[in-house]
Amino acid sequence: MRKDLQEETFRQYPVKDPDTKNSIIWHMWHITRIEDMTMSVFVNNDVQVLHSGQWNKKLHIDDVHSGNEMTEAEIANLSGTLDIDSLLAYRIEVGRNTREVISRLLPGDFKQKVEAARIHELKVQHAVKEEASWLLNTG
């Protein structure tokens with residue numbers, strides 16, 4: 001995929017709409033973060049791939065949250081600084097982790113509710129911005 005897209009394409013906003021300013025690279029980062037958080041912590045009760053592989057350093061970003069409720073300036077900063085090759089490598093590693101976690105699940109596991117302690121763990125890890133704390137509400 002990387003060979004088919006120029007760097008400026010990854011970093012641009014593909015939709016000309018006043019309600020969204022999210023770049024392609026932001027969307028890839030966001031969905032990868034959500035998958036990492038849910039599969040690593042909620043399902044597997046383990047450390048996120050982001051932390052176990054020190055991906056923030058490789059990605060050249062400080063953000064450890066999911067990206068929900070980011071300001072336009074924060075999105076622009078992330079979109080401009082995030083290392084594309086590292087993001088693709090992080091995406092592959094999260095996908096590998098997800099396949100491994102899912103391969104160990106039993107049919108009844110899909111009906112399990114997420115334990116409150118695991119939801120709290122994401123809060124402790126600052127995986128969700130304060131402005132997006134609604135994501136962690138279980139009620």
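L59 has its side chain within reach of L50: a pair of non-hydrogen atoms, C-beta onward, lies under 4.5 Å apart. Proximity of N77 to D63: side-chain heavy atoms (C-beta onward) are nowhere separated by under 4.5 Å. Counting heavy atoms from C-beta outward, M70 and L78 have side chains that approach closer than 4.5 Å. Annotation: side chain of V43 is in contact with side chain of L105 (closest heavy-atom distance under 4.5 Å).
Hydrophobic cluster membership is shared by L122 and V114, with clusters built from Ile, Leu, Val, Met, Phe, Trp and Tyr side chains linked at under 4.5 angstrom. V101 is not connected to L106 by any chain of hydrophobic side-chain contacts under 4.5 Å among Ile, Leu, Val, Met, Phe, Trp and Tyr, and they are in different clusters. In the hydrophobic clustering of this structure, W29 groups with I84; members are Ile, Leu, Val, Met, Phe, Trp, Tyr whose side-chain heavy atoms approach within less than 4.5 Å, directly or through other members. By the criterion of side-chain heavy atoms lying less than 4.5 angstrom apart, applied directly or through intervening Ile, Leu, Val, Met, Phe, Trp or Tyr residues, I34 is not grouped with M28; the two fall into different hydrophobic clusters.
Heavy atoms from other residues, nucleotides or ligands lying under 6.0 Å from CG of D62 number 12 at most.
Closest approach of H60 and T81 over heavy atoms only: CB-O, 3.7 Å. Minimum interatomic distance between W26 and G67 (heavy atoms only, all atoms of both residues): CZ2-O, 3.4 Å. When all heavy atoms are compared, the tightest approach of S52 to V47 is N-CG1, 3.9 Å. The two atoms that bring A127 and R33 nearest to each other are CB-NH2, 4.4 Å, heavy atoms only. Here the shortest heavy-atom pairing between E93 and V49 reads CG-CG1, 3.5 Å. Annotation for S86 and K58: closest pair OG-O, 2.9 Å, computed over non-hydrogen atoms.
Counting only distance, with no hydrogens or angles, the side chain of D36 and the backbone of Q48 share no donor-acceptor pair below 3.5 Å. The main-chain N or O of F42 is found under 3.5 Å from a side-chain atom of R118 such that the two form a donor-acceptor pair. Distance alone, capped at 3.5 Å, places no donor-acceptor pair between the N56 side chain and the H51 backbone.
Atom-to-atom distance recorded for Q125:CD and M37:CE is 8.5 Å, nearest 0.5 angstrom. The distance from atom CD1 of I25 to atom CG of L87, rounded to the nearest 0.5 Å, is 5.5 Å. To the nearest 0.5 Å, the span separating NE2 on H120 from CD on E115 amounts to 13.5 Å. For the atom pair I102 CD1 and N44 CG, the distance stands at 10.5 Å (nearest 0.5 Å). Taken from CG in L82 to CD1 in I61, the straight-line distance is 5.0 Å, to the nearest 0.5 Å. Here E69 contributes atom CD and E130 contributes atom CD; the two are 11.5 Å apart, rounded to the nearest 0.5 Å.
Residues forming a side-chain contact (heavy atoms from CB on, under 4.5 Å) with R99 (at least two apart in sequence, or on another chain): R96. Residues passing the side chain to side chain donor-acceptor pair (under 3.5 Å) test with T38, sequence neighbours excluded: none. Residues meeting the side chain to side chain donor-acceptor pair (under 3.5 Å) test with E74, sequence neighbours left out: T71, K129.
Checking N45, T98, N97 one by one against S40, the side-chain hydrogen bond (donor to acceptor under 3.5 Å, both in side chains) holds for a single residue, N97.
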*Assess whether side-chain contact (heavy atoms from CB on, under 4.5 Å) is satisfied between N68 and H30, documenting all intermediate values.*
CA-CA 8 Å; N68 292 86; H30 173 68; 3.2 Å; yes
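Between W55 and Y90, the ring-plane angle classifies as tilted under the 30° and 60° cut-offs.
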